[in-house]
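Take a look at the structure below.
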Amino acid sequence: SQTIHQWPATLVQPVGSPLSLECTVEGTSNPNLYWYRQAAGRGLQLLFYSVGIGQISSEVPQNLSASRPQDRQFILSSKKLLLSDSGFYLCAWNPPGGEQYFGPGTRLTVT
Amino acid sequence: GENVEQHPSTLSVQEGDSAVIKCTYSDSASNYFPWYKQELGKGPQLIIDIRSNVGEKKDQRIAVTLNKTAKHFSLHITETQPEDSAVYFCAASFSSGSARQLTFGSGTQLTVLP
């Protein structure tokens with residue numbers, strides 16, 4: 001069966017520090033991968049998606065970037081965090097044309 | 001782009017009663033409509049979905065209906081239990097087999113009172 005992992009589970013970072021969140025999927029190949037942000041417990045906003053290694057599409061221009069160095073690995077990064085980057089970050093995956101499944105999420109607090 | 005509106009934002013029901021959550025979408029090209037349940041501090045869990053070639057789908061106590069003409073779809077939960085308490089999200093997307101870009105509603109906080 002397929003599983004999706006995210007780490008860390010929680011993170012507290014000062015303003016201006018860098019960020020790296022990691023997502024990996026097991027038990028499948030060539031998944032579509034997604035990064036979402038959820039603020040205040042509601043409203044999932046799609047940030048990035050990827051249909052293959054090195055292929056990244058951005059939905060919202062912002063202080064974040066994404067990379068997909070391996071087939072089942074998706075990374076969300078920032079060079080300098082802003083207070084507004086605080087939120088719950090969710091990684092998701094689906095096989096092409098299939099249902100989308102979410103990971104457990106990373107709670108990021110920027111202080 | 002697609003816009004999804006969800007109502008109500010909060011819903012309280014007595015245990016054993018039914019709960020209905022409604023969503024409307026704007027893009028007539030959307031053809032896939034999932035529903036997710038999110039418990040506090042966890043990632044959303046897919047509970048049921050429907051495609052545009054089907055008007056209704058049922059899975060035990062959960063059912064979803066779709067009206068393509070009116071561009072709205074609804075989640076029905078019967079015989080509610082306290083463990084049904086969570087935030088529920090609807091979503092819509094068009095998928096041609098590649099990336100499935102879901103547009104989510106704003107969520108409904110369902111509370112089932114014992």
Side-chain angles (χ1 to χ4, degrees), chain A residues 1-11 21 23 25 30-53 55-60 66 68 74 87-109, chain B residues 1-11 21 23 27 30-54 57 59 62 64 85-111:
Chain A
S1 64
Q2 301 87 8
T3 55
I4 179 170
H5 303 279
Q6 286 187 245
W7 62 89
T10 60
L11 190 61
L21 303 181
C23 170
V25 181
N30 195 32
N32 294 332
L33 296 171
Y34 308 81
W35 279 112
Y36 290 86
R37 177 168 57 200
Q38 186 175 37
R42 297 284 188 97
L44 290 90
Q45 178 188 36
L46 179 62
L47 302 176
F48 301 94
Y49 68 92
S50 171
V51 300
I53 295 174
Q55 301 178 60
I56 308 296
S57 297
S58 174
E59 288 296 296
V60 182
R68 184 170 178 174
F74 206 22
F88 193 43
Y89 287 83
L90 291 155
C91 182
W93 78 278
N94 67 262
E99 295 82 8
Q100 194 166 122
Y101 299 96
F102 285 83
T106 294
R107 174 75 59 190
L108 171 66
T109 302
Chain B
E2 175 67 275
N3 181 51
V4 177
E5 295 190 357
Q6 182 172 346
H7 300 280
S9 58
T10 60
L11 178 61
I21 303 170
C23 290
D27 189 348
S30 289
N31 59 4
Y32 176 67
F33 307 92
W35 286 88
Y36 289 85
K37 174 184 179 182
Q38 187 176 27
E39 297 176 340
L40 191 63
K42 297 184 178 180
Q45 176 189 7
L46 178 67
I47 56 173
I48 196 168
D49 58 10
I50 191 168
R51 287 169 170 78
S52 59
N53 58 346
V54 176
K57 184 176 179 181
D59 183 4
I62 295 174
V64 57
S85 296
V87 178
Y88 290 81
F89 291 96
C90 63
S93 79
F94 172 76
S95 174
S96 61
S98 184
R100 193 186 288 284
Q101 300 171 57
L102 294 174
T103 300
F104 283 85
S106 54
T108 296
Q109 173 69 63
L110 173 65
T111 302

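Letters A, B, ... are given to chains in the order of the sequence lines, protein chains preceding strands, and every chain is numbered from 1.
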Residue [X] versus chain A: region with a heavy atom under 4.5 Å:
X       : result
L102(B) : both
T103(B) : neither
Q109(B) : both

| task | Could you tell me which residues satisfy ring pair (Phe, Tyr, Trp, His ring centres under 6.0 Å) with Y49(A), sequence neighbours excluded, listed by chain and number? | result |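 For Y49(A), no residue satisfies ring pair (Phe, Tyr, Trp, His ring centres under 6.0 Å) once neighbours in sequence are set aside.
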| field | chain A-proximal positions within residues 45-53 of chain B [heavy-atom distance under 4.5 Å] | value | L46(B), D49(B), R51(B)
| said: Once side chain to side chain donor-acceptor pair (under 3.5 Å) is applied, do any residues pair with S30(B), and if so which ones, sequence neighbours excluded? | reply: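 Per chain and number, S30(B) pairs via side chain to side chain donor-acceptor pair (under 3.5 Å) with E2(B).
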| query | For Y36(A), what residues pass the side chain to side chain donor-acceptor pair (under 3.5 Å) criterion, not counting sequence neighbours? | reply |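 Side chain to side chain donor-acceptor pair (under 3.5 Å) list for Y36(A), sorted by chain: Q100(A).
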| field | From CA spacing to verdict: side-chain contact (heavy atoms from CB on, under 4.5 Å), E99(A), Y32(B) | value | CA-CA 9 Å; E99(A) 295 82 8; Y32(B) 176 67; 3.4 Å; yes
| query | What distance do K42(B) atom NZ and F102(A) atom CZ have between them, rounded to the nearest 0.5 Å? | reply | 16.0 Å
| task | Dump the intermediate steps for side-chain contact (heavy atoms from CB on, under 4.5 Å) on Q38(B) and F88(A), then the final yes or no. | result | CA-CA 12 Å; Q38(B) 187 176 27; F88(A) 193 43; 3.8 Å; yes
| Most contacts with chain A, counted as non-hydrogen pairs under 4.5 angstrom, among A91(B), P44(B), G41(B), G43(B) |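 If we count pairs closer than 4.5 Å to chain A, P44(B) comes out on top.
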| query | Under a 4.5 Å heavy-atom cut-off, does chain B meet the side chain of L90(A), its backbone, both or neither? | reply |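 Only the side chain of L90(A) comes within 4.5 Å of chain B.
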